[in-house]
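Notes follow the structure.
For clarity, every value in this text was computed on a predicted model and none was experimentally measured. Numbered from 1 within each chain, the chains take letters A, B, ... in sequence-line order.
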Amino acid sequence: MDVVHGLNPQQQQAVTAPDGAVLVLAGPGSGKTRVLTHRIAYLIQHQGVAPWRIMAVTFTNKAAREMTDRVAGLLGGRPDGLTLGTFHACCARILRREAEHLDRTSSYVIYDTDDQESLVRRALKKLNLDDKKYPPRQMLQRIDRYKNELIKPDTVQPGSYLEEIAARVYEQYEQLLQESNAYDFGDLLMQVVLLLDSVPAVMQAYQQRYRHVLVDEFQDTNTAQYALVKRLAAEHGNLFVVGDEDQSIYLFRGADWRNVRRFRDDFPECQTILLEQNYRSTQIILDAAQAVIQRNPHRTHKRLFTERQGGGQITVEEAHNEDEEAQMVVDTIRRLAHSNEARPGDVAIMYRINAQSRRIEEALMRSGMPYRLVGALRFYGRREVKDVIAFLHLVQNPADSVSLLRVINVPSRGIGARTIASLENWAAALNRSPGDALTHMTDGSDVGAGRFPGSNTAHVALSRFAALLAGWVARSEILPVADLMDVILEESGYQRHLQDGTTEGQERWENVQELRRVAAEFPDLNLTDFLEQVSLVSDVDKLTDEVNAPTLLTLHAAKGLEFPIVFIVGLEDGILPHRHSWEEPDQMWEERRLFYVGITRAKSRLFLFHCFRRSLWGSTEYTQPSRFLEDIPPALIVGRSPGVGIDRPSRTDWSWSRSGGVLPEPAELSRSDRAVQRSAAGAIYMTGQRVRHPQFGEGIVIESQPADGDSVVTVAFSGLGLKRLMGSMAKLETLPDSR
DNA sequence: AAGGCCCTTCTTTTT
DNA sequence: GAAGGGCCTT
């Protein structure tokens, strides 16, 4: 098969680009994956590059799998030795292969966010720091950021007292991690970069091997990831990256769309190719998407176009509350199905936060319509699933202290806080991890100077668990993973513990069985490989399109997918854009990109819903339609939504809709309120003006600048330092000049 | 050591 | 509104 046939000129140019650095900026639905897979096939088939000299990295397993399949399809078989996988999976493999150069063995375990948090808690305890004053999650966020930025504990440059603390916690955390023979997600990337930098022979080996390095979703790379691919491609200089700045939505994970600009700076002679033809959506949907995204600064302008002219207009509707919103979604799906416009399986319902899914699920259940839910309480995040995986991790790597502490007393076997403390002290005295110390209870080294110092009861309880563990470790060599699970579930008493006669217990047991089924499905994976698989997969990966049912998912989870019909619900200020994004312009831009991603998932029809009032976390609040809705040209919209679309006064004019003298209806009241709250949009403040912010308190305006229809205000708050705020969102109250 | 009760804490989450 | 953590009692 000709790998160039059927491509448009820009795609062709990208696929056949000569050696060197190539930057492909690909709009949504422009055939990004197509370009990547054809490029790989082209290199192998037309340029004679050996598959093992090519590395292609993606972010998700799903993307990796799809690319593998498509490359295989193009070449009529899976190429031998091609490195194609997620960043994390590729790095995990390198760390196992190169373990001899590292301070962890090749049977290391991978810690997820939960594991990381409990490690931070332990680090805080060891340092005698109050976890009220230094919330573990915040500490962890900083640690993650350091790792994403390739900053080691000893290279942290603390800019504040809090950062100084964070650096100390980071150092302690690293010790615990090393002692547990574990890496966290951030390490997988950072440790590989550090390894390359510290062992020249390893660096050379990989650089010489990979003649071509290709990167998918480049806009989502963080500093460590960019550093990694730059090093790998340094020898041959063939770095081919594909991305879309407008779809960068993982800032909070360290993704930095600025890497696109860095790439251009680092490779000034790079070839830049724009993919602007969209093969997915109607022109109306594209126009709306572009109108929304164009208000973001610092982006490479693209003019998306499609040959799919026409198509239905975008529907914008206001519901009274989230129940009515959910019902309207269900009714609309019904209507579309009835008129044969779409099958329920063509539909996706997207929302900003998982908490929004419940009302929709309830409405769907009421109407007897099945649905597919992505994410929510992630399968691998469930307590019982994590418990069983912790048992397995412990068997694979008894040094794993997070897993040990998680399950050592589950179900209760008389090992309480005091016993654990004496185990930890003993381990520290022996200079071992608690798990290693425990293992030595059964092999006779628990005598003389190394004798366990705690009470006899504690010793007995610990020995019993140590014996159990030793038995599992012995059998892990011979039993397939599924059988090993059966043994552990039985002997640990975990099965009886779950099957306590309640429905909830039964549900939990079924989840455990689901995990067992996954293990049974891959009988030739050994324990280490199985656990690596489990650590590096997510729920979206399991999404199949066999069932004819609507899909419920967050906007984040929707990236990379497409659906004929898309509903986005909860388009209200506070939800999308989310409250927590209001203060930082950077985050506000990201919210906009998130909306853009949602819109561009739609092939034929787009439905946008917002509520007049919404209850979230118990309390009910009146809402304002999302500010992003205003940016969609009215001509593209139909529907009955106040202030949005045709025949309606624009929102900024709402002040005059107030009824004179008559007590206003609730709706009217809220509209005039909205107008008042909006009055600060684009407001410019005098330097030196005193202001009050609802959260930050009083401060002084340092700078105030217009920014497309809005303003960015820099305020110095006492004790908090400088904050950059959006004029329209900050709800700043001006204060009279005192003194 | 274990179980119950109150309190806080809530985004998004490719790996 | 729900779930996990911390504190208290048994």
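- An aromatic stacking contact between A/Phe252 and the base of B/dT13 is absent, as defined here by ring centres under 5.5 Å apart and ring planes under 30° from parallel.
- Environment of CZ in A/Arg464: sparse, with no more than 12 heavy atoms of neighbouring residues, nucleotides or ligands closer than 6.0 Å.
- A straight line from CD of A/Glu217 to P of B/dT14 spans 13 Å, rounded to a whole angstrom.
- A/Gln138 has its CD atom 13 Å from the C1' atom of B/dT9, to the nearest Å.
- A/Ile389 has its CD1 atom 14 Å from the C1' atom of B/dT15, to the nearest Å.
- Nearer to the 5' terminus of DNA chain B, by closest-nucleotide assignment, is the contact made by A/Gly414 (compared with the other of A/Gly414 and A/Phe59).
- Between A/Asp131 atom CG and B/dT8 atom P there is a gap of 15 Å when expressed in whole angstrom units.
- Taking 3.5 Å as the limit, the base of B/dT15 and the side chain of A/Arg253 contain a donor-acceptor pair of atoms between them.
- Taking side-chain N and O atoms only, A/Asn354 has a distance below 4.0 Å to OP1 or OP2 of B/dT13.
- Using a 4.0 Å heavy-atom criterion, one finds that A/Thr419 contacts the sugar-phosphate atoms exclusively.
- With distances taken from any side-chain atom of A/Leu536 to the nucleotides B/dT13, C/dG1, B/dT15, the minimum falls on B/dT15.
- Across B/dT11, B/dT14, B/dT15, the shortest atom-to-atom separation from the side chain of A/Asp220 is found for B/dT14.
- Using bins of under 30°, 30° to 60° and over 60° for the plane-to-plane angle, the ring pair A/Tyr226/A/Phe263 lands in the tilted bin.
- With hydrogens and angles left out, the side-chain atoms of A/Tyr173 and A/Gln116 include a donor and acceptor closer than 3.5 Å.
- Here the side chain of A/Arg418 is nearest to one of B/dA1, B/dT15, C/dG5, namely B/dA1.
- When heavy atoms are screened at a 4.0 angstrom cut-off, A/Arg593 is found touching no nucleic acid atom at all.
- Atom CD in A/Glu584 sits roughly 15 Å away from atom C1' in B/dT11 (whole-Å rounding).
- When each of B/dT11, C/dG6, B/dT14 is scored by its nearest atom to the side-chain atoms of A/Tyr250, the top-ranked nucleotide is B/dT14.
- Between A/Arg359 and A/Glu117, the residue whose closest nucleotide on DNA chain C is further toward the 5' end is A/Arg359.
- Between A/Arg137 and B/dC10 there is a side-chain N or O to OP1 or OP2 distance below 4.0 Å.
- At a threshold of 4.0 angstrom between heavy atoms, the contacts of A/Ala92 with the nucleic acid are absent.
- An OP1 or OP2 oxygen of B/dT13 is reached within less than 4.0 angstrom by no side-chain nitrogen or oxygen of A/Thr113.
- The A/Asn61 side chain lies nearest to B/dT15 when the options are B/dT14, C/dG5, B/dT15.
- Under the 4.0 Å criterion applied to side-chain N and carboxylate O atoms, A/Asp184 and A/Lys147 are assigned as salt-bridge partners.
- If you take CD of A/Gln533 and C1' of B/dT15, they are 13 Å apart, rounded to a whole angstrom.
- Both A/Arg383 and A/Arg358 sit near DNA chain C, but only A/Arg358 has its closest nucleotide nearer the 5' end.
- Atom CZ of A/Arg65 is separated from atom C1' of B/dT15 by 14 Å (rounded to the nearest Å).
- Regarding contacts with the backbone of B/dA2, a side-chain N or O of A/Asn409 is found under 4.0 angstrom from either OP1 or OP2.
- Per the geometry, CG belonging to A/Asp112 stands 15 Å off P belonging to B/dT13, to the nearest Å.
- In this pair, A/His556 does not lay its aromatic ring on the base of B/dT12; centres under 5.5 Å and planes under 30 degrees do not both hold.
- Other residues, nucleotides and ligands contribute only 12 or fewer heavy atoms inside 6.0 Å of the CZ atom of A/Arg418.
- The closest side-chain donor-acceptor pair between A/Arg93 and A/Thr83, if any, does not fall under 3.5 angstrom.
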